[in-house]
Every structure is written in C-alpha cells, then in structure tokens.
2 protein chains.
Amino acid sequence: MDGRPGLRERKKQRTHAAISEAAVTLFLEHGFNQVSVAQVAEAAEVSKRTLFAYFPAKEDLVVHRLADHETESARVVRARPHRTAPLTALREHFLKGLRERDPITGLNDHPQILKLARMILDTPSLVARMQRFKAGAERALAQALRETADTPELTARLAAVQIVAVQWSLAQDNTERVTYGEPADERYPGAVADAEHAFALLENGLRHPPQRP
Amino acid sequence: MDGRPGLRERKKQRTHAAISEAAVTLFLEHGFNQVSVAQVAEAAEVSKRTLFAYFPAKEDLVVHRLADHETESARVVRARPHRTAPLTALREHFLKGLRERDPITGLNDHPQILKLARMILDTPSLVARMQRFKAGAERALAQALRETADTPELTARLAAVQIVAVQWSLAQDNTERVTYGEPADERYPGAVADAEHAFALLENGLRHPPQRP
DNA sequence: GGGATTTCTGCACCTGGTATACATATAGAC
DNA sequence: GTCTATATGTATACCAGGTGCAGAAATCCC
C-alpha cells in the first residue's frame with residue numbers, strides 16, 4: 001500500500017536511466033559503432049556486467065525507449081469507441097500522432113530526436129532490433145482484432161501485418177524526409193495526405209487505388 | 001568468349017560451396033549457436049579469415065541460399081503477360097510455388113529442408129538476417145511496380161510492403177505447420193485456400209473481407 | 001620459366017556478451 | 001540499532017564473432 005516503491009526500486013530506476021542517458025549521449029556524439037559498451041559503462045559509473053543486467057544487448061540501450069509502442073496499435077483497437085471499425089480507429093490515431101508530432105510517426109524535428117532517428121536508420125543492427133518490435137506489434141494487433149472484432153485467425157494475422165507494414169512505411173518516409181532537412185511543419189500536409197491515401201488503400205484494396213499519387 | 005571461367009574462378013566457386021556445405025551440415029547436426037565459425041572453417045579445410053572473405057557474417061552461411069528470392073516478386077511483375085495486373089501475376093506465381101512445393105512457400109517437407117527451416121525460425125539472429133531480404137524484396141517490388149505499371153511512388157511502396165508482408169506471412173504459417181508435423185500434401189489444400197483468401201484481401205481491402213475464415 | 005597479381009593463411013587484436021566467485025547494500029524481523 | 005537473508009553490484013577471466021596486417025602460396029599471363 002505504499003506510494004513509494006522502496007529505496008532499492010528507486011535506485012534501480014536511477015541506474016537504468018543513468019546508463020541509458022550516458023549511452024545515448026555518447027552514441028549521438030561519436031556514433032553507435034564508435035562507442036563500446038565498456039565506455040558506456042564507465043560513463044555511467046557502472047560495471048560492464050551491471051550494464052548487461054539492465055539491458056540485454058547493446059542495441060537495447062537505444063531502442064528500449066520504443067518498447068511502449070509495441071502494443072500501441074493493439075491498444076488503440078481495444079479502446080476504440082463502440083461501432084467503430086478497427087481501421088478507422090487506427091487511422092484517427094495515426095492522424096492524431098501526426099498533428100501532435102509524435103516521434104513515432106517520424107514527424108518530429110527536434111534536433112535530438114532527429115539525430116537519434118538518423119542514427120538508428122543508418123545502423124543496420126539497430127534497424128534489425130527495431131524489426132522485433134514490428135513483429136511484436138503484428139502479433140499484438142492480430143490478437144486484438146481477433147478478440148474485439150471477431151476477426152478469424154488468418155484474416156486477423158494478414159490484416160495485422162498489412163496495417164503494421166503500412167504504418168511503418170509511412171513513418172519511415174516521414175523520418176527520411178525530415179532527417180533530410182524538411183521541416184516537420186512543412187511536411188505535415190503531405191504526411192496527412194499520404195496517411196489518408198495509405199489507409200484508403202488498406203480499406204479498399206489494391207485493385208482500384210485512389211487517384212491521389 | 002570462353003566457356004570456362006578459368007581455374008581461379010572455378011576454385012573460388014568450389015571453396016564457396018565447400019564452406020557452405022560444411023556449415024549447413026554442422027549446423028543441422030548440432031545447432032547454429034552450438035557450432036563456432038572456427039569449427040566450420042576447420043571442417044571446410046579453410047582458415048577462419050578465408051571463411052569471412054566468402055561470407056560477411058556467420059548468418060550468411062545459412063541464408064545466402066535465399067538471396068535469389070530477394071528479387072523474385074519483382075521479376076514476376078516485370079515478366080507478367082500483357083494486360084495482366086501485377087497482383088494477378090503474383091497470385092498465380094505463389095500458387096504455382098505451392099503446387100511445386102517450392103520451399104520458399106513453406107510447403108516442402110523434405111527432412112533436410114524442414115530441419116533447416118525450423119532452425120532458422122528458432123534462431124533470432126537468422127530471422128533478423130532474413131528480414132533484410134524482406135526489405136530488399138520490398139524495394140525491388142516497389143521499383144518494378146513503378147516501372148512496369150506506372151504506379152505512383154507512394155502507392156508502389158505501400159503496395160509492395162503489403163504484398164511482401166502477406167506472402168511472408170503465408171509462407172511462415174505453412175512452415176510453422178509443416179515443421180510441426182503436418183505433411184505438405186495434407187496442408188496443400190488449406191495453403192491454397194489461405195493464399196487465395198490473402199490475395200483477395202489485398203485486392204479488395206480490409207473493409208469487406210471475404211467470408212472464408 | 002618468371003614476374004605481377006590474387007588469394008590464402010596465421011597471428012594478434014578488438015568488441016559484445018557470459019560464467020564464476022566474491023563483495024556490498026538493502027529489507028525486514030527482532 | 002543490530003542481525004541476517006537476499007538482492008544487487010563488481011572484478012576477473014573467458015568465449016565467439018569479426019578485422020587488420022604481413023607474408024606465403026597459388027594462379028595468371030607472357
């Protein structure tokens with residue numbers, strides 16, 4: 001019944017944060033592959049062994065921040081208003097992400113986030129680690145579709161992989177443009193149009209694609 | 001104009017094959033993570049350094065065999081008969097793969113292939129390496145759609161990621177079932193039905209999914 | 001055969017990640 | 001406050017994947 005999680009717990013959280021922060025700072029300054037985990041451990045004033053007790057692999061020092069997003073689509077589908085189609089809820093949620101410049105949509109150009117995004121996209125092992133989240137997102141979304149929309153097994157899995165792939169593609173495109181120098185505010189209208197086009201494609205199929213390029 | 005590629009070239013090909021064969025043999029017998037590259041090099045009677053001259057990473061000892069499939073969908077789209085929709089050509093090609101028990105469809109239950117497939121799916125680093133082929137397949141297919149069907153940039157990319165994701169999902173499902181013990185011939189009708197359902201979903205969209213589960 | 005050029009090798013080395021054995025700090029009972 | 005069980009951190013040594021380098025060996029071409 002205590003509001004505070006105890007000293008031990010708090011210390012763990014601080015250590016976790018300290019390691020993560022030291023890592024990102026060093027990576028942003030010198031590059032992911034140019035910094036060894038030993039250097040990160042030293043900067044965080046922690047032994048290498050302890051670092052690996054908090055993060056299972058070097059890549060997780062960077063991508064653990066994205067772990068929350070793994071189940072985001074599934075949560076949106078579960079929490080959708082009554083009588084609303086899953087795809088509608090997902091589209092509205094994605095558009096809201098664009099409006100709010102949620103980094104997950106790729107439409108955030110704060111220098112720190114931008115540099116981090118570029119680093120991830122330029123580092124194959126980090127991209128590979130991100131794919132795991134994608135796979136997790138597919139599984140979670142498929143389950144949500146099955147449980148809340150009575151979607152049959154196969155259809156749920158297929159719909160999930162399509163939806164996740166499309167969202168990922170949209171985000172990656174935005175990230176690519178923004179890290180290439182296009183301001184987020186300038187990209188915004190195009191990003192909205194692209195997202196609407198993409199969700200229309202998902203809804204209506206590839207046979208009769210909408211006019212818009 | 002010479003039919004023969006010279007002794008040097010032939011030797012290289014033989015070395016390449018010898019390393020690959022030794023690797024797969026050892027991996028199938030003891031497991032991917034249980035065999036070190038040094039052991040593979042020794043079995044192939046080659047130095048470790050030479051092994052890495054032929055294969056950039058341990059994982060490539062296994063997955064290099066799938067490199068050809070990276071551009072398969074793109075090739076199918078490019079080589080489709082006149083007046084045929086890309087999706088139609090891809091469906092026919094996938095169904096042909098199922099009929100012929102092409103391992104890429106997951107519907108081949110020869111013991112060797114089956115064991116290899118299970119090993120890949122059970123080894124995260126191998127799965128990660130496969131994702132790169134997936135990404136390559138997406139890029140190649142998007143380009144083929146742009147060039148041969150005048151599909152606009154964005155639509156081509158989105159269609160490509162959807163199509164590749166769906167094919168991948170179908171193949172993975174078949175592999176999962178077959179490696180779990182279901183004979184390929186027994187799975188075949190279901191695999192065909194699933195593929196047809198999946199392509200129908202791609203064509204008609206997620207709004208009005210076909211009846212079939 | 002002989003020299004230029006590739007290819008192969010052995011060796012040292014770096015880095016990510018783990019096992020082991022030991023030290024230290026915290027929690028909770030008294 | 002003290003004591004003890006337990007969770008957490010550390011030092012060290014180690015393994016495996018991967019690379020750089022210098023020189024040996026094979027191939028090519030004349």
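Every chain is numbered from 1 and lettered A, B, ... according to where its sequence line falls, protein lines coming before strand lines. The structure displayed is predicted, hence computed values, not measured ones.
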| request: Rounded to the nearest angstrom, tell me the gap between atom CG in A:Leu51 and atom P in D:dT8. | output: 16 Å
| task | Give, for atom CD of B:Glu45 and atom OG1 of B:Thr15, the distance between the pair rounded to the nearest 0.5 Å. | result | 11.0 Å
| message | Tell me the interatomic distance from B:Glu45, atom CD, to D:dA25, atom P, rounded to whole angstroms. | response | 18 Å
| Rounded to whole angstrom units, what separation is found between the CD atom of A:Glu42 and the P atom of C:dT15? | 13 Å
| message | Please tell me if A:Tyr54 has a side-chain N or O lying less than 4.0 Å from either OP1 or OP2 of D:dT8. | response | no
| note | Distance col, row B:Glu21:CD vs B:Leu26:CG, nearest 0.5 angstrom, shows 11.0 Å
| Can you tell me if the side-chain N/O atoms of A:Lys11 get under 4.0 Å from OP1 or OP2 in C:dT26? | yes
| said: Check whether B:Lys115 reaches the backbone of B:Leu28 with its side chain - one donor and one acceptor, N or O, closer than 3.5 Å. | reply: yes
| said: Whole angstroms only, please: what is the CZ-P distance between B:Arg10 and D:dA26? | reply: 17 Å
| message | Using only atom types and a distance under 3.5 Å, with no angle test, would you say the side chain of B:Asp173 pairs donor to acceptor with the backbone of B:Leu170? | response | no
| Separation of A:Met119 CE from A:Phe27 CZ (nearest 0.5 Å) | 6.5 Å
| What does nucleotides 11-22 of chain D look like as a protein-contact string, B for base, S for sugar-phosphate only, - for none, at under 4.0 angstrom between heavy atoms? | B-----SBBBB-
| note | In whole angstroms, the gap separating C1' of C:dG16 from CG of A:Asp60 amounts to 13 Å
| query | Is there a side-chain contact between A:Phe32 and A:Asp122, using heavy atoms and a 4.5 Å cut-off? | reply | no
| said: Just the rounded figure in Å: distance from P of C:dT7 to CZ of B:Arg14. | reply: 15 Å
